[in-house]
Protein chains: 2
Amino acid sequence: MSGHPLMKIYKNLNIKEEELKLIINAHERVEFEKGQLFLERGQMANAYYFIEVGLARAFTYDFKGDEITTDFIGENEILIEVSSLFRRIPAQENLQALSDGVAWRIVFNTFQDIYHKSSGFNEWGRAWMSEQLFSLKQRHIDSVSLSASDRYLKLLTHKTQVIQQASLKYIASYLGITDTSLSRIRKEILSK
Amino acid sequence: MSGHPLMKIYKNLNIKEEELKLIINAHERVEFEKGQLFLERGQMANAYYFIEVGLARAFTYDFKGDEITTDFIGENEILIEVSSLFRRIPAQENLQALSDGVAWRIVFNTFQDIYHKSSGFNEWGRAWMSEQLFSLKQRHIDSVSLSASDRYLKLLTHKTQVIQQASLKYIASYLGITDTSLSRIRKEILSK
DNA sequence: TAGATTTCTTGTCTTATGGCAAGTAGGTTT
DNA sequence: AAACCTACTTGCCATAAGACAAGAAATCTA
């Protein structure tokens, strides 16, 4: 069990071995293709995914109707639309694959069963959500206190996979700038 | 029980009347003064607060050491440092009163007991966190797609209490602009 | 292989916002 | 009343990033 890909996220679970098995077995291995939508805005989310191989993004639209990439989800991370899954409301974001890959899918009902039975799993879920909130706040601080090029540099050092696999326009909207600006920033950085 | 201030947030709880009483009684009424810190960066959070009367803010510092107001918490909202309380790590944010007021405080251990016993309360907590994530994402979209003055106008219509009670510099850093710029934006808006 | 589409780059010009500094107006303290 | 803060305003100038448009390069497709 300790060599299972899912252990990358469930390692800190404070539970018995058999409960852990139950959780791991509740996931189903799925392969995905570049461009594929895991979830479409307006639909009801019915599962979340652990990305073993590949890269995905979450995106939505601003008031002008332009796409905004709100998050990149890389290997060993969880691809999920929290609001839709946990509040049972239509998704506000799209979840899309940016490369071919492999993921582990757990459906809501199964998740929910275990969530209510296992307080260790429950705590894990809350801690995971806390981390999400934390990192979103951190990103907000970066976005108001760092220049666009510093934000890019930070991404460059912390999320190598994104820089390598995501196209410029997605990275630009994630950073809150235009693709034109990002192209110039890249040029500027290379010339140093 | 239905007239209790705390019912403003716990109204959608899917639980029995006696459980609800238990939850409400777990809160203690506290009065607070303008400027007072509920929680200081570096400390361990040990409670959260429901604000009945008054206004508070969460703030931290950017890499230059400048204060950034990350959130305003108004009446009928919850004042909390999620990461510190649920992950048992030192607080990254300060929580401060911006006016005199009244709050209801619940300490972590008491909360935790009920949280594990009552699946209705547990669900409520998860839904609350989901909403937080949702609104943070929404703010991010606003911050990259709206002009500073549109962001101010949005705050003006949606969070009247903040405009009325928070000082310009706090609002400015919340919006991600300088106080100078906000002053000009206000002038511009008034002239229309 | 040619055509079409998407991705990225570059040029020119505009504009929103920041940096700094000085000034005003209220409120508080001594 | 004088001195002192703090909150806010205003002026001047600098600059990061956007808008628009054209081109180059890469990728997909027929």
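None of the values given here were measured: they were computed from a predicted structure. So that the names make sense, note that chain A is the first sequence line, chain B the second, and so on, each numbered from 1.
In this pair, A:Tyr61 and A:Phe59 present their aromatic rings perpendicular. The plane angle is above 60°, beyond the 30 to 60° band. The aromatic rings of B:Phe108 and B:Phe86 sit tilted relative to each other, their planes meeting at an angle between 30° and 60°.
The distance from atom OH of A:Tyr174 to atom CZ of A:Arg139, rounded to the nearest 0.5 Å, is 3.5 Å. With values rounded to the nearest 0.5 angstrom, B:Ile73 atom CD1 is found 9.5 Å from B:Phe38 atom CZ.
In this structure, the CG atom of A:Asp179 is 11 Å from the C1' atom of D:dG18, given to the nearest Å. For the pair A:Tyr152 OH and D:dA17 P, the interatomic distance rounds to 14 Å; values are reported in whole Å. Between A:Glu188 atom CD and D:dT15 atom P there is a gap of 14 Å when expressed in whole angstrom units.
B:Thr70 and B:Glu93 share a side-chain donor-acceptor pair at under 3.5 Å.
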Per-nt protein contacts along nucleotides 12-30 of chain C (heavy atom under 4.0 Å; B base, S backbone sugar-phosphate only, - none) come out as B----SSBB----------
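Between A:Lys187 and C:dT10, a side-chain N or O to OP1/OP2 separation shorter than 4.0 Å is present.
Contacts between residues 165-173 of chain B and DNA chain D, counted as heavy-atom distances below 4.0 Å, involve B:Ser167, B:Leu168, B:Lys169.
Salt bridge annotation for A:Arg126-A:Glu123: present, with a cationic side-chain nitrogen under 4.0 angstrom from a carboxylate oxygen.
Shortest non-hydrogen contact noted between A:Ile114 and A:Ile23 is CG2-CG1, 3.6 Å.
No donor-acceptor distance shorter than 3.5 angstrom exists from the side chain of A:Ser118 to the backbone of A:Tyr115, with no hydrogens or angles considered.
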